[in-house]
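Data block below; observations after.
The analysis underlying the following values was restricted to heavy atoms, covering all of them including side chains, and did not include hydrogens, waters or symmetry mates.
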Amino acid sequence: MSESTSIMEFSGTHQAFCDRWAKTDDNMCRHSMSFHLHNTLRQEFFASYLYLLEKTPLVKLYPVTCEYIKGEKQFYYRAQNFYKGVPASEEGMMGDFVAISEVDLEGSRQFLKKFVGPGKAGTKRALDCGCGIGRVSKGVLFPVFETMEMLDMMEDFILHAHECYLGDYADRVETYYVYNLQDFIPLPDRYDVIWMQWVACHLTDKDLMEFLRRAKESLRPNGVIIMKDNMARQGCRLDPVDSSIIRHLDIMKSIIQKAGLTILDTEKQEGFPEIIVPVWMIAMH
């Protein structure tokens, strides 16, 4: 799906958006809400908003993207609230698909090998973004890197990682960050690899772009950022329950390029059941 094809396919979205609001009885409500929604989508979901308008009912789209709860964007508040109910275990991290965990880890190990070694990224330090209990750190990153830093917004996950799950590997963690990724500012020239798995889907287009810009500045010479995430088969899809947005690979590439990064390689994760949304790995710097 090329960018030009995508735009042409959804070229009627603006008119459909206006037509739906034109049927609203309350003119004041119509104009104020439609303006606010359209403005917010254009800023926060600049690469995805045409698809969101086309596929998501406005009554669901407005609160998730425009409203705040306790001073936080509802998009992020809902995600944090969702993960409060997720157990700190491999089953919790993988949902109903814990059986494919090893397939996932092996795919990640093989992809990482392409970018680490002599003349490539070093092995001094890596950052695991959205680390959860440390499943990827333990299975992919610790065997390669001397030290690790781990970041997740859920303190319970971080505590379980340090106290139980990582075992002896915990001694090689330099820093744990209990942080929202959209607010995290990494130190410059610090990481050989920044790993982002199943976390980009929880950022708005704007916040993802801005984090990638900051992450690029934090890479050491020859360092790489590796993103691994669900990618929609077409367009994008918003899940209002856990506030995740699944984007087509082309949409994700456009965000990465807008952030000023160069894509080094992309690879689809093989060995997953067809029922699962496609998972792709993207290396960039």
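In this structure, NZ in Lys120 is found 11.0 Å from CG in Leu264, a value given to the nearest 0.5 Å. For the atom pair His202 NE2 and Ser243 OG, the distance stands at 8.5 Å (nearest 0.5 Å). The line from CD1 of Ile226 to CG of Asp128 is 11.5 Å long, rounded to the nearest 0.5 Å. Going from atom NZ of Lys60 over to atom CG of Asp239 covers 10.0 Å, rounded to the nearest 0.5 Å.
Closest heavy-atom contact between Pro63 and Val59: CD-O, 3.1 Å. In this structure, Val199 and Cys129 approach most closely via the heavy-atom pair CG1-O, 3.8 Å. Residues Met196 and Phe211 share a closest heavy-atom pair of SD-CE2, 3.8 Å. Of all heavy-atom pairs between Ser137 and Pro143, the closest is O-CD, 4.1 Å. In this structure, Arg109 and Gly139 approach most closely via the heavy-atom pair NH1-O, 2.6 Å. The two residues Thr40 and Thr65 come nearest to each other via the heavy atoms CG2-O, 3.2 Å.
The salt bridge (charged side-chain N to carboxylate O under 4.0 Å, His left out) contacts involving residues 72-81 comprise Glu44-Lys73, Lys73-Asp207, where partners must be two or more places apart or lie in separate chains. For residues 209-222, the side chain to side chain donor-acceptor pair (under 3.5 Å) pairs, not counting sequence neighbours, are Asp192-Arg220. The salt bridge (charged side-chain N to carboxylate O under 4.0 Å, His left out) analysis of residues 151-163, with sequence neighbours excluded, yields no pairs.
When the side chains of ILVMFWY residues are joined at heavy-atom separations under 4.5 Å, either directly or via intervening members, Phe82 and Tyr77 end up in two distinct hydrophobic clusters. Following chains of ILVMFWY side-chain contacts shorter than 4.5 Å, one cannot reach Val224 starting from Leu181, and the two form parts of different hydrophobic clusters. Under a hydrophobic-cluster definition in which Ile, Leu, Val, Met, Phe, Trp and Tyr are linked whenever side-chain heavy atoms come within less than 4.5 Å, directly or via other members, Leu203 and Leu238 are assigned to the same cluster. The hydrophobic clustering, which links ILVMFWY residues whose side-chain heavy atoms are closer than 4.5 Å, places Ile185 and Met153 apart. Under a hydrophobic clustering in which Ile, Leu, Val, Met, Phe, Trp and Tyr are joined whenever their side-chain heavy atoms come within less than 4.5 Å, directly or via other members, Met154 and Leu159 fall into different clusters.
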- Message: The test is side chain to side chain contact (heavy atoms under 4.5 Å, CB included); show your working for Trp280 and Met252 and say whether it passes.
- Response: CA-CA 10 Å; Trp280 282 80; Met252 185 64 80; over 6 Å; no

- Message: What verdict does the side chain to side chain contact (heavy atoms under 4.5 Å, CB included) test give for Leu261 and Ile225, after you've listed the backbone C-alpha separation in whole Å, the side-chain angles of each residue and the deciding distance to 0.1 Å?
- Response: CA-CA 9 Å; Leu261 285 96; Ile225 300 166; 3.5 Å; yes

- Show your reasoning for whether side chain to side chain donor-acceptor pair (under 3.5 Å) applies to Trp198 and Asn230. CA-CA 7 Å; Trp198 288 321; Asn230 300 335; 2.9 Å; yes

- Task: Would you sort out whether Leu208 and Ile256 count as a side chain to side chain contact (heavy atoms under 4.5 Å, CB included), showing the intermediate values?
- Result: CA-CA 8 Å; Leu208 175 56; Ile256 291 169; over 6 Å; no

- Message: side chain to side chain contact (heavy atoms under 4.5 Å, CB included), that's the test. Do Met227 and Ile194 meet it? Break it down for me.
- Response: CA-CA 8 Å; Met227 179 190 296; Ile194 296 176; over 6 Å; no

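Tyr165 meets the ring-ring contact (aromatic ring centres under 6.0 Å, His included) test with no other residue; sequence neighbours excluded. Applying the side-chain contact (heavy atoms from CB on, under 4.5 Å) test to Thr147 and every residue at least two apart in sequence or in another chain returns Arg125, Glu174. In this view, Phe184 and Tyr177, Tyr179 satisfy the ring-ring contact (aromatic ring centres under 6.0 Å, His included) rule, not counting sequence neighbours. The side-chain contact (heavy atoms from CB on, under 4.5 Å) test applied to Ala126 returns Phe145, Met148, Val193, not counting sequence neighbours. Residues forming a ring-ring contact (aromatic ring centres under 6.0 Å, His included) with Phe75 (at least two apart in sequence, or on another chain): Phe45. Residues satisfying the side-chain contact (heavy atoms from CB on, under 4.5 Å) test with Met93, not counting sequence neighbours, are Val86, Ile133, Phe157. The ring-ring contact (aromatic ring centres under 6.0 Å, His included) test applied to Tyr76 returns no partner, not counting sequence neighbours. With sequence neighbours left out, the side-chain contact (heavy atoms from CB on, under 4.5 Å) criterion links Phe272 to Ile100, Val103, Asp104, Gln269, Ile276, Val279.
In this structure, Leu187 places its CG atom where more than 12 heavy-atom neighbours from other residues, nucleotides or ligands lie under 6.0 Å away. Around atom CG of Asp183, more than 12 heavy atoms belonging to other residues, nucleotides or ligands sit under 6.0 Å away. Heavy-atom neighbours of Lys114 NZ from other residues, nucleotides or ligands within 6.0 Å: above the threshold of 12.
In this structure a side-chain-to-backbone donor-acceptor pair under 3.5 Å is present from Asp205 to Ser48. Side-chain atoms of Ser254 come within 3.5 Å of backbone atoms of Ile251 as a donor-acceptor pair (strictly under, hydrogens ignored). Arg247 contributes no side-chain N or O that, together with a main-chain N or O of Lys253, makes up a donor-acceptor pair within less than 3.5 Å. Between the His285 side chain and the Thr262 main chain, no donor and acceptor come within less than 3.5 Å of each other. In this structure, the side chain of Arg237 does not engage the main chain of Tyr51 through any donor-acceptor pair within 3.5 Å. Side chain of Arg172 to backbone of Glu146: a donor-acceptor contact under 3.5 angstrom is found.
A heavy-atom distance below 4.5 Å is found between the side chains of Ile282 and Met284. Contact of the Met150 side chain with the His162 side chain is not registered, since no non-hydrogen atoms from C-beta on lie closer than 4.5 Å. Contact check for Met281 versus Phe111: side-chain heavy atoms found under the 4.5 Å cut-off. With contacts defined as side-chain heavy-atom distances shorter than 4.5 Å, the pair Leu58/Leu37 qualifies. Looking at Gln43 and Asn39, their side chains come closer than 4.5 Å, going by heavy atoms from C-beta outward. With a 4.5 Å cut-off on side-chain heavy atoms, Ile158 and Cys131 count as touching. Here the side chains of Glu267 and Gln110 are not in contact, with every heavy-atom distance at 4.5 Å or above. Here the side chains of Gln197 and Ser108 are in contact, with some heavy-atom distance below 4.5 Å.
Geometrically, Lys124 does not engage Tyr191 in a cation-pi contact defined by less than 6.0 Å to the ring centre and at most 45° from the axis.
Residue Ile246 shares its hydrophobic cluster (ILVMFWY side chains chained together at separations under 4.5 Å) with Val277.
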